[in-house]
Amino acid sequence: MAKRLVSLLLTVVLCFSATSCAFVEWIERDMHGEMSLYEGGVIYKGQKYISTNSIFNIELETDDVKLGWVYNFPFNGTARYYSYTAENPLYIFCCTTGDYASKVYLREDFDYEKESFVLEGTETEIKLAEAFVKSEHELESDLLDKCQISLYLKDEPRLKADIYCHWSEGKWFFRSGGECYVLSDELAEILADEGFVKPNVAEKADTIGLQGADKLRPDYNLGNCKNLMGDVSVILLYMNDFESGWTGKEMAEFREKEVEPAFDFIEKQAKEYGVDVNFTIRQYDSLYYSGEVLSGSGYVSTDVLEQAAKGLNYSSAEEMREALKLKCGTGNLIFITVFDKYGVPYGLNPRRGSDMDLTEHCVIFTSDFEPQFNGYYASEIVFCTLCLYGAENLQASMWRKSLAASLYAKDVMYGRKSDINDNNIGDATAFYIGWLNVPPNVMCDENW
């Protein structure tokens with residue numbers, strides 16, 4: 001036993017002796033190459049490069065030049081320093097794991113804050129000094145909303161800032177390198193205009209001619225879908241197009257598992273407010289939409305119902321509506337067009353004062369993914385249907401979302417739970433669609 005222990009100790013000593021220089025180098029973090037470290041960054045060939053506090057990111061490319069390296073004590077691996085050239089580069093970046101920069105250093109004489117950066121996905125330019133500044137704000141743990149944006153240097157697109165923003169108390173913030181930054185009002189406005197984030201305050205609709213509480217619900221009692229009560233006929237129109245189509249089984253399943261539960265839900269919720277609503281469903285199928293129906297990113301198709309009407313041998317959607325009023329015995333009609341493909345559903349209901357002339361209707365999309373329908377789209381159908389009667393998105397702006405979060409978390413106009421029975425219709429939505437005539441106090445808040 002003693003001989004084994006002595007042998008083991010001798011082996012350890014020999015190994016240590018053989019590698020002692022490397023071990024000391026590992027401990028002391030000696031830099032290899034024409035580089036050295038200093039407290040604020042690195043020095044390369046006598047030129048200082050200042051740390052950017054993890055704001056910028058760069059991916060390693062095959063043509064990049066390795067300028068130096070150092071053992072990454074006390075962590076594993078090696079810190080490798082690269083740039084696009086070995087001669088007076090604008091920036092140097094360090095990779096510790098993989099091919100993505102963990103730190104970026106900019107040449108001391110380069111004032112990046114005064115340079116033009118481009119918002120990725122747009123042509124919008126902004127100076128970084130006008131984009132954000134440091135802040136002492138403490139971000140709460142339960143953040144309401146977030147978004148990701150990227151800004152890249154116009155003259156050197158590889159130099160990019162990937163920013164993960166969080167909304168808090170009326171501003172957008174992000175953290176980087178242990179520091180907190182706040183986005184300027186100018187950049188926040190650009191992000192809202194470009195559709196990256198919701199505006200802080202919802203756009204106010206035209207209220208000319210409205211009196212009293214109705215000024216808070218400008219889309220109520222407007223157009224053809226005025227009051228959601230009494231006998232209502234749902235006109236369900238199954239649409240095919242160049243890339244999707246319905247089978248008889250799929251239409252029956254969608255009606256049973258999505259459409260009927262959606263309108264059963266509205267009937268039950270109406271009773272909570274002492275309102276009687278009775279839906280009947282009339283179905284039409286094998287209708288063809290010519291063209292590419294738009295969905296998402298603020299783009300919609302306004303001719304879906306017109307094409308459906310012509311598929312049923314009417315000259316227009318308006319003529320179809322008048323004819324179906326007689327067939328159904330009620331003037332309260334809801335038109336729902338459905339495509340069996342992926343898309344973002346919407347309800348088309350021109351706002352008060354709009355010059356858009358069309359018959360209100362919903363454009364609903366399913367998904368081309370399995371499994372088959374199981375109730376997921378019922379909440380979307382309810383959301384879009386209520387929009388026709390004046391309901392508004394309770395997340396239409398950041399302040400409204402903040403105010404509604406604690407009061408209306410289950411309201412179908414706030415969250416749209418995948419199980420229709422996990423939703424409700426709160427008093428704000430009930431007021432919007434005329435089931436209540438006194439608005440809840442929160443709607444009088446100027447930020448609503």
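Bear in mind that the values here come from a model prediction, so they are computed numbers and not experimental data. Numbers for residues simply follow the sequence, beginning at 1.
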task = Answer whether the closest heavy-atom distance between the side chains of S233 and F335 falls below 4.5 Å.
result =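 No - every pair of side-chain heavy atoms lies 4.5 Å or more apart.
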ask   = Can you find a heavy atom in the side chain of V382 that is under 4.5 Å from one in the side chain of I420?
value =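 In short, these two side chains touch, coming nearer than 4.5 Å.
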Give a yes or no on whether the ring-centroid distance for [X] and [Y] is below 6.0 angstrom.
X: F339; Y: W246; answer: no
X: F263; Y: F279; answer: yes
X: F117; Y: Y112; answer: no
X: H137; Y: F173; answer: yes
X: F174; Y: F132; answer: yes
X: F242; Y: Y289; answer: no

Salt bridge check: are [X] and [Y] linked by an N-O gap of less than 4.0 Å?
X: K127; Y: E113; value: no
X: E260; Y: R255; value: yes
X: D64; Y: R80; value: no
X: E319; Y: K310; value: no
X: R400; Y: E392; value: yes

query = After noting the C-alpha distance and the side-chain angles of N393 and Y414, does the key distance pass the side-chain hydrogen bond (donor to acceptor under 3.5 Å, both in side chains) rule?
reply = CA-CA 6 Å; N393 187 345; Y414 180 87; over 6 Å; no
Does [X] use its side chain to pair, donor to acceptor, with the backbone of [Y] at less than 3.5 Å?
X: W435; Y: L228; value: yes
X: Y377; Y: S367; value: yes
X: S102; Y: C94; value: yes
X: D445; Y: V442; value: no
X: T429; Y: I425; value: no
X: R352; Y: P218; value: yes
X: E360; Y: C225; value: yes
X: K171; Y: S168; value: no

ask   = Run the side-chain hydrogen bond (donor to acceptor under 3.5 Å, both in side chains) check on N423 and S379 step by step: do they pass?
value = CA-CA 8 Å; N423 299 281; S379 296; 2.9 Å; yes
